[in-house]
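Written out below as structure tokens is the structure these notes cover.
In what follows, every chain begins at residue 1, and chains take the letters A, B, ... in the order their sequences are listed.
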Amino acid sequence: MRVSLFVTCLVDQFWPEVGTATVEVLRRAGCEVVFDERQTCCAQPAFNTGYRDEARAVAERFIEIYEETDADAIVMPSGSCGAMAHHLPELFRDDAAWLPRAERVAAKTFELGSFLVRELGVEELGARFDGRVTWHDACHGLRDLGIRDEPRRLINAVEGAELVEMNAADSCCGFGGTFSVKHPDISVAILDHKLAELRDKEVDAVVSGDVSCLMQIGGRLQRQGSGIRTLHLAELLASGVEA
Amino acid sequence: MSIVHSTRPFEEDAKKALADDTLRGALRHATDLFAGRRLASIEGIDDWEDLRERGRAIKEHALFHLDRYLEEFVANGERAGVKFHWARDASEACRIVGSIAARVSARKVVKAKSMTTEEIGLNHALEGEGFEPVETDLGEWIIQLAGELPSHIIAPAIHKTKGQIAELFVDKLGIEPTDDVLQLTAAARKVLRSYFAESDLGVSGVNFGVAETGTIMIIENEGNIRMATSLPKAHVAVMGIEKLVPRFEDLEVFLRLLPRSGAGQHLTSYQSILTGPNTGGEGPDELHVVLLDNGRTGMLRREVTRQSLACIRCGACLNVCPVYQQIGGHAYGSVYPGPIGAVITPQLAPGDRSSKLPFASSLCGACRDVCPVKIDIPALLLDLRAKVSADGPALERRGFRLWAWMMRSTARYRLGAKLARLFPWAWRGRAGAWTDARELRPLARRSFRERWKRGELA
Ligand code: SF4
């Protein structure tokens with residue numbers, strides 16, 4: 001299967017290792033990976049902050065790029081950008097020209113973990129990770145795309161990794177895009193409540209499917225001097241394997 | 001009084017709440033309890049999702065044809081002896097209730113817990129005309145005694161601890177200090193009972209109005225509503241026009257949805273189903289229904305905003321909201337707090353303070369998952385954000401315009417990324433809102449696209 005990677009702007013700029021790991025994992029699952037270098041952003045920041053015109057402008061470009069692809073699927077290492085791609089038709093609800101184009105692209109777009117399990121039927125990727133990990137359900141992957149079991153199945157197939165469920169794994173980490181800087185106090189209060197659930201779990205890493213949540217969680221853990229790492233699902237699935 | 005009661009900026013109210021550990025402890029305990037009970041109560045209900053879908057569909061249909069159902073409701077109610085009054089806004093509604101109170105020469109007015117009467121500021125208005133409104137729901141009465149405002153749709157005193165309530169009773173009722181809940185409720189009961197005997201007018205809200213029969217239904221657990229609506233000579237029910245359902249049998253759907261979503265009960269202890277006054281020798285001689293608009297017809301116009309009127313005020317979205325769990329109801333500065341409050345407040349009471357509320361959400365979607373009538377609250381929040389951002393802060397607006405311009409071109413995107421690396425001080429200095437409590441991951445030395453371009457992933 002031919003897969004076009006949308007790496008997301010955050011991964012591209014802040015956490016390229018996640019992109020590298022995504023390519024690695026997809027290839028191991030038997031995919032041919034292509035990367036359209038014209039890509040930028042999925043339009044989510046503007047959409048979520050209420051700037052519809054700006055969101056549409058960026059979304060149009062996203063659609064233009066990906067409707068041309070000859071790949072079978074567009075895959076991204078993010079549930080929230082994936083959810084945004086599925087919101088695209090909403091953004092063009094009153095636009096007869098763009099709506100079908102948005103729908104076509106949305107239908108081809110997948111989040112990495114759910115793509116592996118649901119579309120490819122792959123769980124075992126030959127990864128190895130020695131340690132206790134816990135899964136944070138990122139909100140948009142969970143509630144917009146219905147991703148809950150898939151990442152857990154993938155983690156359980158990682159040799160040496162022990163999945164420890166924290167209480168309320170599905171509660172928000174408080175990131176919420178611009179919410180995290182518009183209301184930093186509330187954002188961090190929500191986060192601290194979440195992190196309190198980790199206290200006696202003795203995990204080595206928090207794993208999630210979105211680098212945005214991981215930057216929020218990791219940024220706080222680091223500030224608190226915690227030794228718990230943050231890992232993207234792709235990084236976990238690519239770990240311990242000779243390239 | 002407007003439904004927006006705070007004059008301070010939202011951020012300030014939120015900060016105050018976050019600094020109050022007692023409040024946050026109480027909130028944590030109560031919201032977890034409610035959310036847990038809700039889950040337990042729907043466990044084993046195989047058709048729960050189907051039920052939610054039916055609830056949503058009934059509401060959607062009723063709202064779409066609201067004009068027709070209102071006429072039907074009034075015609076059937078009048079046949080049963082109900083007197084209807086139309087109120088365009090809060091002050092008109094208050095005047096109507098006041099004039100009924102004057103006519104039946106009531107002094108004490110016993111009140112059933114009702115968000116709609118909170119919305120119109122009825123107590124305040126009645127007091128202004130020399131009446132003495134007394135709340136008879138325990139939580140609501142505690143709030144009234146304390147001179148505070150409710151902070152939750154179904155649990156008005158959710159922000160108070162048992163200890164605080166005991167102190168209040170010692171102070172206001174002169175009871176002996178105790179932390180025994182039974183003694184506290186017994187003390188309250190003694191006072192509250194006497195009110196019913198002394199009052200000529202009972203005021204309530206309405207949970208559901210049935211167009212087909214002109215019936216109103218009110219549900220509760222304490223029995224005080226049953227008394228407030230049956231013992232006094234007259235009963236006035238204040239009802240938002242959105243509370244209608246077409247058929248009597250529709251009540252079955254909502255009687256299964258609402259108690260479970262609210263307090264996690266299979267059924268509330270009391271459901272008063274009232275069709276006209278004095279049925280079978282019981283009940284009040286007069287039954288008045290005040291139909292309140294107060295901004296609702298404006299919300300009917302668009303499909304997105306119309307959803308906001310489907311709310312059955314169960315409070316489930318508050319209990320699971322990470323923001324509400326941290327700051328509680330008062331910080332919203334509105335009679336209606338939490339996710340649904342952030343949606344209806346700016347629509348019912350447009351203004352600076354309320355327009356900020358849709359941004360007080362991480363858009364996690366937990367509210368949408370629990371809402372018994374499947375209101376897409378995040379979509380509504382986004383819709384309201386879009387309305388506000390059109391004339392949002394100039395700096396932010398310019399920022400997003402620049403951002404869009406950059407993101408529309410790969411060359412500009414790459415240039416932006418390069419500049420951000422060359423001049424980190426230009427943007428990192430502004431990142432204080434983030435870095436006050438969190439480390440900010442540095443930009444990677446080389447982006448993913450650079451690595452790809454150089455063939456490192458080949
Ligand atoms: S919006 Fe839904 S969950 Fe929230 S109070 Fe209304 S009915 Fe309940």
Could you go through the ring pair (Phe, Tyr, Trp, His ring centres under 6.0 Å) check for F35(A) and F6(A) one step at a time?
CA-CA 7 Å; F35(A) 179 78; F6(A) 177 75; 8.9 Å; no

CA sep, side-chain torsions, deciding dist, call: E456(B), R446(B), salt bridge (Lys or Arg N to Asp or Glu O under 4.0 Å):
CA-CA 12 Å; E456(B) 289 174 30; R446(B) 283 181 311 123; 2.5 Å; yes

Would Y332(B) and L357(B) satisfy side chain to side chain contact (heavy atoms under 4.5 Å, CB included), going step by step from the backbone distance to the final call?
CA-CA 7 Å; Y332(B) 287 82; L357(B) 292 178; 4.0 Å; yes

Please step through side chain to side chain contact (heavy atoms under 4.5 Å, CB included) for the pair V18(A) and E235(A), ending with a clear verdict.
CA-CA 6 Å; V18(A) 172; E235(A) 292 178 294; 3.9 Å; yes

Side chain to side chain contact (heavy atoms under 4.5 Å, CB included) between E54(A) and M407(B), worked out
CA-CA 10 Å; E54(A) 286 77 5; M407(B) 293 295 172; over 6 Å; no

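Among V23(A), D53(A), V7(A), N48(A), the residue making the largest number of heavy-atom pairs under 4.5 Å with chain B is N48(A). Interface check for chain B: of the options A43(A), S80(A), A46(A), the most heavy-atom pairs under 4.5 Å are formed by A46(A). Counting heavy-atom pairs under 4.5 Å between each of R385(B), R438(B), R24(B), M406(B) and chain A puts R438(B) at the top. Comparing F359(B), F400(B), F10(B) by heavy-atom pairs within less than 4.5 Å of chain A, the highest count is held by F400(B). The most heavy-atom pairs under 4.5 Å with chain B, out of T178(A), I65(A), D185(A), come from D185(A). No other option in A417(B), A14(B), A386(B) has as many heavy-atom pairs under 4.5 Å with chain A as A386(B). Heavy-atom pairs under 4.5 Å with chain B peak, among H87(A), K194(A), Q216(A), E17(A), at Q216(A). No other option in K387(B), E11(B), R421(B) has as many heavy-atom pairs under 4.5 Å with chain A as R421(B). Interface check for chain A: of the options R445(B), Q325(B), R414(B), R401(B), the most heavy-atom pairs under 4.5 Å are formed by R401(B). The candidate from R412(B), Q326(B), R397(B) with the greatest count of non-hydrogen atom pairs under 4.5 Å with chain A is Q326(B).
Under 4.0 Å is where a charged nitrogen must lie from a carboxylate oxygen, and between R38(A) and E68(A) at least one such pair does. Remark: E60(B) engages R56(B) in a salt bridge, criterion side-chain N to carboxylate O under 4.0 Å.
With a 4.5 angstrom heavy-atom cutoff, I217(A) does not touch chain B via any of its atoms. V181(A) touches chain B through backbone and side chain together, each having a heavy atom under 4.5 Å away. At a 4.5 Å heavy-atom cutoff, the contact between R368(B) and chain A is made by side-chain atoms alone. Both the backbone and the side chain of C9(A) come within contact range of chain B, with heavy atoms under 4.5 Å apart. Residue contact with chain A, scored on non-hydrogen atoms closer than 4.5 Å, involves the backbone and the side chain of L457(B) alike. Contacts of F47(A) with chain B are made by both backbone and side-chain atoms, with heavy-atom separations under 4.5 Å. Using a 4.5 Å cut-off between heavy atoms, V388(B) does not touch chain A at all. Proximity to chain A (any heavy atom under 4.5 Å) is shown, for L363(B), by both the backbone and the side chain. Heavy atoms of R408(B) lying under 4.5 Å from chain A belong to its backbone as well as its side chain. For a residue to count as touching a neighbouring chain, one of its non-hydrogen atoms must lie under 4.5 Å from one of that chain's; by this rule A366(B) touches chain A with backbone and side chain alike. Proximity to chain B (any heavy atom under 4.5 Å) is shown, for Q39(A), by both the backbone and the side chain. Both the backbone and the side chain of T49(A) come within contact range of chain B, with heavy atoms under 4.5 Å apart. Of the two parts of S171(A), neither the backbone nor the side chain holds a non-hydrogen atom closer than 4.5 Å to a non-hydrogen atom of chain B. Contacts of R52(A) with chain B are made by side-chain atoms alone, with heavy-atom separations under 4.5 Å and no backbone atom involved.
Although no hydrogens or angles enter the test, the distance criterion places no donor-acceptor pair under 3.5 Å between the side chain of S151(B) and the main chain of G329(B). Not a single donor-acceptor pair under 3.5 Å links the side chain of R38(B) to the backbone N or O of A316(B).
Aromatic ring pairs are classed by plane angle as parallel below 30°, tilted from 30° to 60° and perpendicular above 60°; the pair F92(A) and W98(A) is parallel.
Inter-residue side-chain proximity for D383(B) and R302(B) is flagged as met; some heavy-atom pair is nearer than 4.5 Å.
Judged by distance alone, the side chains of E111(A) and S78(A) never bring a donor and an acceptor atom under 3.5 Å apart.
Residue-environment remark: CZ (R37(B)) stays at or below the threshold of 12 foreign heavy atoms within 6.0 Å. The 12-atom threshold is not exceeded at NZ of K15(B), counting heavy atoms of other residues, nucleotides or ligands nearer than 6.0 Å.
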